Every structure is written in C-alpha cells, then in structure tokens.
Number of protein chains: 2
Amino acid sequence: MTDNGITFINVFEIPADQLDEFIEQWRERAQLMRKAPGFRDVRLHRAISPDARFPLVNVAHWDSAEACEAAGGHPAVVASVESARTVAVANPALYDVVAEHR
Amino acid sequence: MTDNGITFINVFEIPADQLDEFIEQWRERAQLMRKAPGFRDVRLHRAISPDARFPLVNVAHWDSAEACEAAGGHPAVVASVESARTVAVANPALYDVVAEHR
C-alpha cells in the first residue's frame, strides 16, 4: 500500500433522466461514508458530454481496502446502494496507483 | 470551471494478458502528455481484483478542456492511442466535479 492508501473507483452507467436524482442519493450516501474510519476524500465526477458512456465516475481514497469495505457494509449504505442499483449499473472496484505524474 | 480545472477520465477494458504491455505504452504516452501546456497531474489506476470489469482507469487533471484536447492531438500521442486501441477499449471523457468531501 503506497501513501496513496487505496483508491475506490465506481464507474456508473445511468440513463440521463435519472442522473439528477441519482446524484442527490449519492450525496446522502457520501454523508455516511465520509464519517467512516479510514475515509480520506471522495469526488463525484459528472461527464460534460451527454454522450459519455459513463455519465458519473466516483473516485475515493481510503486508508485501506478493509476500511473501505467496512464502510460499505453499513446497513444504511447497503440499503441506499440497493435502491441506487434499480436505476444505475455500478462498476465498483479497488485500485492501486501504478503510474503518476504531478 | 472550478479550481479543479477539468478532469479527464479514461476507463479501459483490456484483456488481462495485454495489461503489462499496455501500461508500458501508457507510460510513454504520459511522458508526452505531461509536457503539454495546461497539464496538472495524472494517475493510472490498476484494479486489484483480476475480475474487475475495468482493469485500468486513468484520471488526469488539466487547466481546461482545450488544453487537454490540444495535448491529445499531438501526432505522437495520436499514433500511440491508435496502437493502444488495437488491444483495449477506451472510454475517454471530460468531467466536472459535482460533489466532493475531504
């Protein structure tokens, strides 16, 4: 684990007419996640072009995979994710940084 | 445009046996991109799980969409991207940050 901790990236496929409501739900979920032990930061990215295959991409950093997974197991988060999955296809995964330029 | 500039995210689908070679090619391309005007930073993320749908996700920050697109138009970059597309499906898009917690 580098000092980058671990990166959690979730790539979403969502119909355009569901985006705004999804983002509101995501904000509520983020309020829970940010209080979890090991949370570092999160950014929700919205594609500028309406033609983008992935209109939303969430990039978060955690101290460890365990911290991230534990937070994701919170009952309120689980319930919120389940309801989000009715409108969006989520592709969550944990990543390490393998190359970087600043 | 917030002070985040603009975020360029490229979500890659690549066969596992092509990953290492792809990353080497990506490193060469990144050497060109990092010298371009308006470049801020870039991180290439590799999925920890071999089952991840998107084994590689590139997240870069630029001063503007124009700077990012201009850099992507560099002949050597165009040639490198074309060769990369023979092994990977790329999903590049520009994004704004719509929610953030630190």
Side-chain angles (χ1 to χ4, degrees), chain A residues 1-2 4 6-13 19-20 22-36 39-62 64-65 68-69 89-102, chain B residues 1-2 4 6-13 19-20 22-36 39-62 64-65 68-69 89-102:
Chain A
M1 200 84 59
T2 69
N4 289 326
I6 195 91
T7 305
F8 171 84
I9 299 177
N10 202 344
V11 178
F12 294 101
E13 293 165 288
L19 262 175
D20 292 331
F22 185 90
I23 291 172
E24 285 323 305
Q25 253 192 3
W26 185 92
R27 285 185 200 281
E28 288 162 20
R29 216 162 34 247
Q31 286 297 344
L32 295 169
M33 300 295 270
R34 65 186 292 206
K35 294 171 191 141
F39 172 82
R40 291 189 179 183
D41 59 73
V42 64
R43 280 180 172 175
L44 184 64
H45 303 82
R46 181 172 184 157
I48 290 170
S49 162
D51 307 326
R53 180 177 172 197
F54 304 118
L56 288 179
V57 178
N58 168 28
V59 179
H61 295 103
W62 292 82
S64 66
C68 178
E69 282 154 5
V89 173
N91 298 281
L94 292 171
Y95 293 79
D96 275 328
V97 176
V98 293
E100 181 171 11
H101 293 296
R102 304 196 145 269
Chain B
M1 201 80 58
T2 70
N4 288 327
I6 195 94
T7 304
F8 170 85
I9 299 177
N10 202 343
V11 178
F12 295 100
E13 294 165 286
L19 262 175
D20 292 331
F22 185 90
I23 291 173
E24 284 323 304
Q25 255 192 1
W26 185 91
R27 287 185 198 281
E28 289 161 21
R29 215 160 38 243
Q31 286 299 343
L32 295 169
M33 300 296 270
R34 65 185 293 203
K35 293 171 192 143
F39 171 82
R40 291 188 179 184
D41 58 74
V42 64
R43 282 180 171 173
L44 183 64
H45 302 82
R46 180 171 184 159
I48 290 169
S49 162
D51 307 327
R53 181 176 171 198
F54 304 119
L56 287 180
V57 178
N58 168 27
V59 180
H61 295 101
W62 292 83
S64 65
C68 178
E69 282 154 5
V89 173
N91 298 282
L94 292 170
Y95 293 80
D96 276 328
V97 175
V98 292
E100 182 170 9
H101 293 295
R102 303 199 146 271

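All figures in this text were calculated on a predicted structure; none of them were measured in a lab. Each chain gets a letter, A, B and so on, in the order its sequence line appears, and its residues count up from 1.
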Seminar exercise, completed: Nearest heavy-atom contact between B/Phe54 and A/Tyr95 is O-OH, 2.7 Å
Residue part contacting chain A, namely of [X], when any heavy atom lies under 4.5 Å:
X: B/Ala47; result: both
X: B/Arg53; result: side chain
X: B/Leu94; result: both
X: B/Pro55; result: backbone
X: B/Val11; result: side chain

For this session: Please state whether the rings of A/His61 and B/His45 are parallel, tilted or perpendicular, taking 30° and 60° as the class boundaries.
Result: tilted
For this session: Measure the NE2-CG distance between A/His101 and B/Asp41 for me, rounded to the nearest 0.5 Å.
Result: 11.0 Å
For this session: Run the numbers on B/Ile6 and A/Ile48 for side chain to side chain contact (heavy atoms under 4.5 Å, CB included), then give the verdict.
Result: CA-CA 10 Å; B/Ile6 195 94; A/Ile48 290 170; 3.0 Å; yes
Seminar exercise, completed: The single option from A/Val97, A/Thr7, A/Val98 that satisfies side-chain contact (heavy atoms from CB on, under 4.5 Å) with B/Arg46 is A/Val98
Exercise. Partners of A/Glu69 by side chain to side chain donor-acceptor pair (under 3.5 Å), sequence neighbours excluded?
Worked result: none
Problem set entry | Contacting moiety of A/Ile9, where chain B heavy atoms sit under 4.5 Å | side chain
